[in-house]
Novice: 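Structure incoming, see below.
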Amino acid sequence: MEDIFVARVMSTSLQTVRADTLVEEAAEQMLANEIGSVIVVDEDNQLEGILTTTDFVEIVAERKPKDQTPVSTYMSRNVTTATAQDSIRDAADLMVEHGFHHLPVVDEDEGVIGIVTTSDLAAYLSREETPSPE
């Protein structure tokens, strides 16, 4: 798996929001698209943060008015990322080490270009054929 790169397994149909998007709108977007996170980007598509379903536990626990709270209040800002050229083993190791379910994939020039999720990794592994013993 050292020679299999993140580009092969990452999802490229991203759902993004701006930091000033209200959390209620972000939640609606996540539900409508059946996803577990939205990537927070600036006007140049550069990564600013990530908002995940886990963050909504804190939002609900704090009972702040969702219709008045921007994503920036709850998003993770120091986001660990991967590049399309990283091996999926390295990406998986990062995810396990930090307990992440979502790993944004960035390009220095283009900004956010994809995301690797635990579902992406599981789908890749389920498609791989195990060599038969000779």
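One is the number of the first residue; the rest follow in order along the sequence. For the numbers below, each heavy atom of this structure counts, side chains included, while hydrogens, waters and symmetry mates do not.
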Novice: Decide yes or no for H101 and T52: does some side-chain heavy atom of the first lie under 4.5 Å from some side-chain heavy atom of the second?
Specialist: no

Novice: Looking only at heavy atoms, what is the nearest atom pair of F5 and A84, with distance?
Specialist: CB-O, 3.5 Å

Novice: Are V17 and I35 joined in one hydrophobic group, where the rule is that I, L, V, M, F, W and Y side chains link up if heavy atoms are under 4.5 Å apart?
Specialist: yes

Novice: What's the separation between atom CG in L22 and atom OG1 in T73, rounded to the nearest 0.5 Å?
Specialist: 9.5 Å

Novice: With sequence neighbours left out, write down each residue that passes side chain to side chain donor-acceptor pair (under 3.5 Å) with S76, or none if nothing qualifies.
Specialist: none

Novice: Give a yes or no answer on whether the side chain of D120 reaches the backbone of T117 with a donor-acceptor pair at less than 3.5 Å.
Specialist: yes

Novice: Which pair of non-hydrogen atoms, one from I113 and one from T12, has the smallest distance, and what is that distance?
Specialist: O-CG2, 3.7 Å

Novice: Identify the two heavy atoms, one from F100 and one from T118, that lie closest to each other, and give their separation to 0.1 Å.
Specialist: O-CG2, 4.0 Å

Novice: Can you name the residues that form a side-chain contact (heavy atoms from CB on, under 4.5 Å) with D44, not counting sequence neighbours?
Specialist: D42, Q46

Novice: So which of V79, V40, V41, L14 actually passes side-chain contact (heavy atoms from CB on, under 4.5 Å) with P104?
Specialist: V79

Novice: Measure the shortest side-chain to side-chain distance between H98 and L103 over non-hydrogen atoms and say whether it is less than 4.5 angstrom.
Specialist: no

Novice: What closest approach, in Å, do A19 and E48 show between heavy atoms, and which atom pair accounts for it?
Specialist: CB-OE1, 3.6 Å

Novice: For I88 and L121, what are the C-alpha separation, side-chain angles and deciding distance, and is it a side-chain contact (heavy atoms from CB on, under 4.5 Å)?
Specialist: CA-CA 8 Å; I88 62 170; L121 294 173; 4.3 Å; yes

Novice: How far apart are the closest heavy atoms of H102 and I115, and which atoms are they?
Specialist: CB-CD1, 3.8 Å

Novice: Are any side-chain N or O atoms of R18 and backbone N or O atoms of V71, one a donor and one an acceptor, separated by less than 3.5 Å?
Specialist: no

Novice: What distance do T21 atom OG1 and E25 atom CD have between them, rounded to the nearest 0.5 Å?
Specialist: 5.0 Å

Novice: Name all residues meeting the side chain to side chain donor-acceptor pair (under 3.5 Å) criterion together with Q15; count only those two or more places apart in sequence or in a different chain, and write none if there are none.
Specialist: Q29, N33

Novice: How long is the span from the CG atom in D93 to the OG atom in S87, to the nearest 0.5 Å?
Specialist: 7.5 Å

Novice: Can you check side-chain contact (heavy atoms from CB on, under 4.5 Å) on D55 and M75, steps first, answer last?
Specialist: CA-CA 7 Å; D55 296 318; M75 70 183 190; 5.7 Å; no

Novice: For a quick test of reading the model, state the closest non-hydrogen atom pair linking T81 to L94 and the distance between them.
Specialist: O-CD1, 4.0 Å

Novice: Working to the nearest 0.5 angstrom, can you tell me the gap between T16 OG1 and I50 CD1?
Specialist: 12.0 Å

Novice: Determine, stepwise, if the pair T53 / M30 fulfils side-chain contact (heavy atoms from CB on, under 4.5 Å).
Specialist: CA-CA 9 Å; T53 52; M30 290 167 66; 3.6 Å; yes

Novice: Could you tell me whether the side chain of D20 and the main chain of P70 form a donor-acceptor pair under 3.5 Å?
Specialist: no

Novice: Is the closest side-chain heavy-atom distance between T83 and V6 below 4.5 Å?
Specialist: no

